[in-house]
Structures are given as structure tokens and as C-alpha cells.
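These notes concern the structure reproduced below.
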Amino acid sequence: MQAIDIARRCGSLNAVSEANSAYILALHQGGLTPEERLEAAVYLLRMGGNYRIAYTQFAQLYNEGQFQEQCLDIMTEAFYLPNVKPMKNRYEKNCAALKKYPYLFRTDFPKFEELPLRFYPFDDNGYLPYVPGEQVFGNYINFNHPVVSRNFFKDLENPILAQDVYSQYELEYLYDNVRPSEDIGRENHLYLHYGSWEAFCAYLQVLNVRHILDKKKIVFLFGEEISRYPIDFKETYDIDYSQYPVKQIGFQDIQRLIWHTQLSSDNGGDFFNEVFDNHPNLVCMPSVMMDDVEAAIQNCKNEFNRADKLRASGTTGISFDNAVVEKLYWSGSRSDKDILSVLFMMQGAYMEGLDHAARIYPALFFQPHFNNMDYDLFPDEKGRTVLASKQYNEIHSSSIFKSFKYIKTFTPMRRITTSYAATVRWMVEKRGHIKEVNGKRTVISDLVADRVANRSFMIDPEDRLYKDSVLVRFEDGKTNPRATFTALAAFLDIPYTESMTYCSEKGIHDVETAEGNVIGFDTATVYRTYDEYATNDERAYIEFCLRDAYQFYGYDLHYYDGSPVNEAQLKGWLEGFTSMDSRISETWKNNVLAGSNLVTASNGKISEEDVDEKIKNNFLESVQKKNNTIRLRIGKAMINGLYFINKNGQPLRMMPKLELDPALLDQPLYH
């Protein structure tokens with residue numbers, strides 16, 4: 001039987017749940033006639049099935065010219081009429097507020113019933129617009145979708161002019177981030193230009209513009225009124241903004257966050273920090289350890305609690321070491337966002353490039369760093385591969401990120417085999433083999449398994465932190481800096497400034513920000529392969545496990561030939577992990593199985609006197625066996641498929657790749 005037949009049979013037996021499932025399956029399979037699609041949609045709507053699927057079918061059938069009268073009647077009765085009253089109320093309140101607004105130059109608002117658009121609520125977040133004159137339903141719109149879709153702040157020479165902004169999120173974003181004219185001593189209104197007065201009025205039934213009228217810093221222009229831009233407020237309104245002194249940027253002014261994520265070690269994070277250093281519209285610092293940030297915020301709160309107790313005891317003249325911290329305390333703000341902003345602004349040498357007279361408030365440029373990004377891959381009860389990370393969970397639960405209304409996220413990526421080998425080099429040359437961390441002797445972890453399990457370039461598109469995100473390749477930044485950073489600035493909605501044409505730290509050009517880092521836009525690290533720190537088998541295994549990332553982000557495979565892989569091939573590769581295994585073994589011998597410390601082995605704690613070469617070798621063999629078991633398990637999972645979900649069961653997708661303007665390329669794209 002076909003799914004549609006099963007659905008009808010279940011319906012006739014009053015097996016409603018089963019019928020709903022069968023109708024949904026039939027619609028997903030496709031191949032139904034318009035009559036059958038209408039039948040399925042009507043049943044789902046009437047019998048409590050997935051109304052979104054029914055709704056979508058009604059709209060599609062209507063747009064196809066099928067059963068238009070029936071579909072429109074059903075949608076109007078079920079979805080529009082129950083919600084029309086609040087939309088009409090919102091429209092009338094918006095119109096009343098705009099009629100009193102001084103910088104909107106027409107008041108001929110149409111009656112609600114005469115608006116050229118209707119908005120049919122689809123779910124709690126969005127609508128389907130309907131154009132009666134054209135008899136068509138438009139695409140789904142979420143007016144609060146947290147994405148800034150264009151480079152509003154590309155040019156700050158003149159007041160901001162934005163065309164046809166119909167997003168509630170973007171309207172509030174512009175309102176919150178464009179500074180009042182009084183704060184910078186010059187005309188700085190936000191000009192919103194709309195091509196159609198009638199369309200603007202229609203959107204007033206779903207937007208709330210009353211909030212953004214409070215400070216009177218928006219000028220609304222329609223059609224040919226664009227000729228008024230920019231208005232001479234001194235001549236037209238006798239308002240002379242030049243009499244106002246420039247107001248210094250304060251912690252309370254920072255409303256948006258640029259999150260520079262850490263994909264993994266040696267992905268060029270320092271390089272990107274150097275490019276964004278000294279940007280006039282960023283409160284910017286190099287990467288900082290997340291633990292240190294949280295500790296500093298807590299210390300600040302402790303200091304505030306101390307001051308509270310002193311005030312309660314009647315102590316006067318309470319003071320702080322830093323004027324910005326003192327201002328934060330007396331403002332009454334204790335939010336992690338404001339404290340973080342203050343901690344950044346206390347770093348005077350990094351703040352010297354900040355433009356306090358800019359037309360926009362700066363964004364906070366933040367790269368929280370971890371010792372390592374650890375990811376786990378494990379099957380769920382349905383056999384799907386779950387991707388989870390302790391560090392990601394820490395970021396996700398952080399009150400810092402939760403308190404920023406506007407977040408842009410970008411992730412640098414370097415060719416994965418190169419960043420892997422460079423990390424091995426760093427572990428060997430920079431950390432050393434006999435180094436104690438928190439009183440514990442360290443060993444090199446299995447960096448191969450760590451790297452192939454790390455799929456932090458895969459995101460849940462519905463995750464708030466990644467809704468507005470992009471991945472940018474390190475190699476592009478080095479070989480085509482003009483094209484890369486013009487595009488990245490546009491995505492981040494900041495101007496591409498002269499400060500982004502060079503690398504710096506604290507404004508000082510072309511310095512070695514970390515030992516061994518190449519200077520500026522030197523491309524040497526693009527072409528280094530660090531062969532002495534990685535074998536071809538290690539790199540072939542990495543490329544196989546991450547072959548989808550290589551393809552999606554435009555990297556050619558250099559070590560894996562793309563042919564089918566079986567378990568025998570995996571085991572063959574593992575035998576060639578001589579570089580990684582020798583370094584793991586060496587650090588265990590030098591750090592844990594040596595000295596006077598107690599040794600924790602698989603059979604418990606034993607003293608050094610009892611550890612002979614045989615025991616050492618047995619222990620090292622057990623370490624390698626455990627590593628190979630994990631490597632083989634991961635490799636077999638990659639043979640079976642490259643489909644991943646998060647801990648909530650949501651499918652993960654590749655983070656979008658930053659696309660460059662071909663006209664700005666100085667060299668062919670790196671592959």
C-alpha cells in the first residue's frame with residue numbers, strides 16, 4: 001500500500017495518530033496529486049496533526065493556482081482572523097506615534113483594511129505575507145531573526161543611510177548602535193529610506209516602531225524624499241550639534257559582541273587578532289583565557305561586595321584603583337557584560353586606537369581561549385553520531401554571551417593537517433617534555449584523535465551563538481588580505497579601515513606577537529607542512545575523517561586519495577602513526593614514568609622503585625592500545641557516514657564560508 005492509502009485506512013479506523021503520521025509521510029515522499037495534497041493538509045489541520053505542514057501545503061497549493069478559494073478560506077479562518085485584532089491594534093498605535101514624530105514628513109496613513117499586505121501568522125516567531133492584489137503568498141519571515149544581513153556601517157564619513165529595513169531586529173540594532181548627534185558634536189541621525197510608503201505602512205502591523213522613536217534620532221524618508229539626505233539641522237531646525245562636546249565611549253555603550261572563536265590550536269587566531277588590533281570601532285584585545293576572564297569578573301564582583309559592606313557600615317570615601325571600575329560600581333550595574341567591557345577598557349594600550357567621536361558605538365572583540373578544544377563523538381540510542389564539547393558548553397552557558405543582544409561570530413580555519421602538525425611542533429618545542437602544570441607533570445595527548453573529533457566548524461543553525469556566523473580561511477587572509485578582510489569587515493558590519501591593512505599589537509606595526517609567529521602578511525606559514533612533526537599516514541587519516549570539511553571549505557586532499565576505505569586500511573594507517581606515538585611515549589617516559597613522583601598506572605599506584613623497564617613498556621603499550629582503539633572507532637564511524645547531531649538531537653551543518661569578491665583577489669584562491 002502507498003502511504004496515502006495507509007493514511008486513509010487509518011483514518012477510516014479512527015486511528016488518528018497513525019493517520020497523521022501516514023499523511024505526513026505521504027507528503028514528504030511526494031508524487032501526490034493536488035487533490036491528495038489538499039486531502040492530507042485538511043486532515044492534519046482538523047485532526048490535530050502538524051499544522052505547519054498543513055499550512056505550508058495550503059500556501060503552496062494556492063500559489064500553484066490549485067483550489068485557491070478553498071485554501072485561502074481555510075487559512076484566513078484558521079490563522080488570520082484569530083490574530084487580526086492584535087495586528088490592527090499594533091498598526092494603529094504605530095500610526096499614532098508616528099503622526100506625532102517630528103522627522104516623518106507625511107501622515108496619510110491608509111486604513112488598516114486598505115493595506116496592500118496581510119500577514120498570516122505561521123508560528124510564534126513569524127508570518128507568511130499575502131499580497132491580495134497579486135494573489136500570492138510570500139516566503140516565511142521572522143522579523144526578530146537575530147541576523148544583521150548587510151554592512152550598514154561600511155562608510156562612517158556621512159550619517160548612516162539604510163534602505164528598506166523591515167526587520168525588527170535590525171531596526172533595534174541600528175537604533176542601539178548609532179550614537180546620538182549630541183554625543184559626537186555633529187549631525188548623526190539615522191536615515192531610514194523606504195521606496196514605498198504603502199509597503200512601509202503595511203509592515204506597521206507586525207513591527208513595533210514606537211520604542212525606536214524615543215530619542216528622536218531617526219529620520220524617515222520615502223521615495224523622492226531621499227533628496228533631503230542629509231538634513232542640515234542647524235538651518236532647518238535651528239539645532240546646532242557642534243556646540244556639544246564629544247562624549248567618551250563608556251562601558252554602558254557597548255551592546256554588540258564579535259566572538260572570534262577558537263576552532264583549535266594553530267589556526268591563525270593570533271594573525272586575525274593582529275589585523276583587528278587598533279580598529280577605531282572595536283574594543284579589542286588579543287585572546288584571553290576563559291578561566292582568567294571568569295576569575296577577573298568574579299574578583300570584580302567580590303570588590304563590589306566589599307564596597308557594599310563598607311557602605312552598609314557607614315564608611316564614606318570608598319574608592320577603587322581604577323576610575324572605570326569605580327564608575328561601574330556607582331552605576332549599579334553588576335552584569336558580566338558590563339564588567340567584561342570595563343576589564344577590556346582598562347587595558348589602556350589596546351584602547352588608544354578607539355575613535356570616541358565615531359558615528360557608531362564600538363563592538364567588543366572577544367576571543368576566549370582554552371588550553372584545548374576537546375570534542376567527543378559517541379552514538380545515541382538511535383545510532384546517530386553525537387558531537388559534544390565541554391568548552392562549547394562552557395561558552396554556551398556563559399552569562400557573558402547571554403547578556404549581549406547582538407552577536408556576530410567568526411571562526412578562522414587553517415588547513416587541518418597543517419594546523420595539526422604545527423600543534424605537535426608547539427607541544428614539542430614550546431611546552432617541552434618536563435613541564436609542570438598545576439603541580440602535575442604533563443604528557444602529549446593523542447592530537448590525531450583530538451583533531452579528527454574536533455568538528456567545531458559544524459553548527460546548529462538554530463543555536464543563538466551561530467545564527468550570524470561565518471568561517472574564514474587563514475590562507476585567504478594571508479594570500480588575499482584585501483579581499484578577505486574587506487569581506488570579513490562587511491560581514492561583521494564594521495568599516496574596512498586602514499588599521500586592517502597591516503598587522504599590529506597595541507597599534508605597533510608588524511611585531512612578533514608570539515615567539516615563532518611570522519610577521520604581518522608573510523605567507524610562509526601558508527605553505528609550511530611541518531613534515532618532521534607528522535607522518536603521511538597520520539595526515540591521510542585526518543583528511544579521510546574530515547574529507548567533508550576539506551571539500552566544503554575548498555581544500556584539496558594531499559594525503560588521502562579519495563578512494564573507499566575499509567577497516568584494514570584504517571589499521572594500516574594506524575601502524576604509520578610513528579611520529580605521534582613516539583612523542584606520546586617519550587613524554588610519558590620523561591614526565592610520568594620518571595622522577596620521584598608516584599605513578600598512576602592501570603593497576604593502581606606504584607612507587608618508582610617498583611617500576612622497571614618491563615612495567616614501563618607494558619604501561620606504554622596499554623596507552624598505545626587505548627589510543628588505537630579510539631582512533632579505529634572514530635575512523636569506522638567516518639566510514640559509515642558523516643552525519644552529526646548535537647546533544648539535543650539537532651542536525652549539525654557546516655558553518656558558512658566567507659566568500660570573497662573575485663574582483664579584489666590579488667592571487668588565485670588557495671586550494
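- Within the 4.5 Å cutoff, the side chain of Thr486 has no heavy atoms near those of the Asp661 side chain.
- With Tyr175 as the aromatic partner, Lys217 meets the cation-pi criteria of under 6.0 angstrom to the ring centre and within 45 degrees of the ring axis.
- Aromatic ring orientation, Tyr130 versus Phe137: tilted (interplanar angle from 30° to 60°).
- Listed for the Gln168 side chain is a donor-acceptor partner under 3.5 Å among the backbone atoms of Asn208.
- The number of heavy atoms from other shown groups lying within 6.0 Å of NZ (Lys93) does not exceed 12.
- No more than 12 heavy atoms of other residues, nucleotides or ligands lie within 6.0 Å of CD in Gln551, so this atom counts as exposed by the packing criterion.
- Within a 6.0 Å radius of CG in Asp561, other residues, nucleotides and ligands contribute more than 12 heavy atoms.
- Contact check for Cys10 versus Ile6: side-chain heavy atoms found under the 4.5 Å cut-off.
- For the pair Lys657 and Tyr553, the NZ or CZ position fails the cation-pi test of under 6.0 Å to the six-membered ring centre and within 45 degrees of the ring normal.
- Sorted by first and then second residue, the pairs that involve residues 43-57 and meet side-chain hydrogen bond (donor to acceptor under 3.5 Å, both in side chains), not counting sequence neighbours, are Arg37-Gln57.
- Under the 4.5 Å side-chain criterion, counting only non-hydrogen atoms from C-beta, Gln68 is in contact with Gln135.
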inquiry  = Applying side chain to side chain donor-acceptor pair (under 3.5 Å) to Thr409 and Ser469, what does each step give before you reach the verdict?
reply    = CA-CA 4 Å; Thr409 300; Ser469 63; 5.9 Å; no
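- Partner of Ile160 under the side chain to side chain contact (heavy atoms under 4.5 Å, CB included) criterion, chosen from Ile218, Leu190, Asp155: Leu190.
- Aromatic pair Tyr466/Trp259: ring centres closer than 6.0 Å.
- How far CZ of Phe109 is from CG of Leu204: 6.5 Å, rounded to the nearest 0.5 Å.
- When only modelled atom types and interatomic distance are considered, Asn177 and Tyr406 share no side-chain donor-acceptor pair under 3.5 Å.
- Within a 6.0 Å sphere centred on CD of Glu394, heavy atoms belonging to other residues, nucleotides or ligands number more than 12.
- Around the CZ atom of Arg384, the shell of radius 6.0 Å holds more than 12 heavy atoms that belong to other residues, nucleotides or ligands.
- Geometric assessment of Lys408 against the ring of Phe491 yields a positive cation-pi assignment under the 6.0 Å and 45° thresholds.
- For the pair Arg631 and Tyr541, the cation does not sit on the ring face, since its NZ or CZ is not both under 6.0 Å from the ring centre and inside 45° of the axis.
- Residues Phe122 and Phe79 have side chains not in contact (no heavy-atom distance under 4.5 Å, counting atoms from C-beta outward).
- Although no hydrogens or angles enter the test, the distance criterion places a donor-acceptor pair under 3.5 Å between the side chain of Ser389 and the main chain of Asp374.
- In this structure, the side chains of Arg8 and Glu36 come closer than 4.5 Å at one or more pairs of heavy atoms.
- For Tyr555 and His671, the distance between ring centers is not under 6.0 angstrom.
- At least one test fails for Arg547 against the ring of Tyr550: distance under 6.0 Å to the centre or angle within 45° of the axis.
- Ring centroid separation for the pair Tyr103 and His189 comes in under the 6.0 Å cut-off.
- Counted within 6.0 Å of CG on Asp108, heavy atoms from surrounding residues, nucleotides or ligands total more than 12; the atom is thus considered enclosed.
- Aromatic pair Phe474/Phe272: centroids not less than 6.0 angstrom apart.
- With a 4.5 Å cut-off on side-chain heavy atoms, Leu465 and Ile407 count as touching.
- Within 6.0 Å of NZ on Lys467 lie more than 12 heavy atoms contributed by other residues, nucleotides or ligands.
- Expressed to the nearest 0.5 Å, how far CG of Asn20 lies from CG of Leu45 amounts to 10.5 Å.
- In this structure, Asp548 pairs ionically with Arg455, as a charged nitrogen and a carboxylate oxygen lie closer than 4.0 Å.
- Cation-pi check for Arg228 over Phe105 is met; the charged atom lies under 6.0 angstrom from the ring centroid and within 45 degrees of its normal.
- Cation-pi contact between Arg653 and Phe552: absent, since separation from the ring centre below 6.0 Å together with deviation from the ring axis within 45° is not met.
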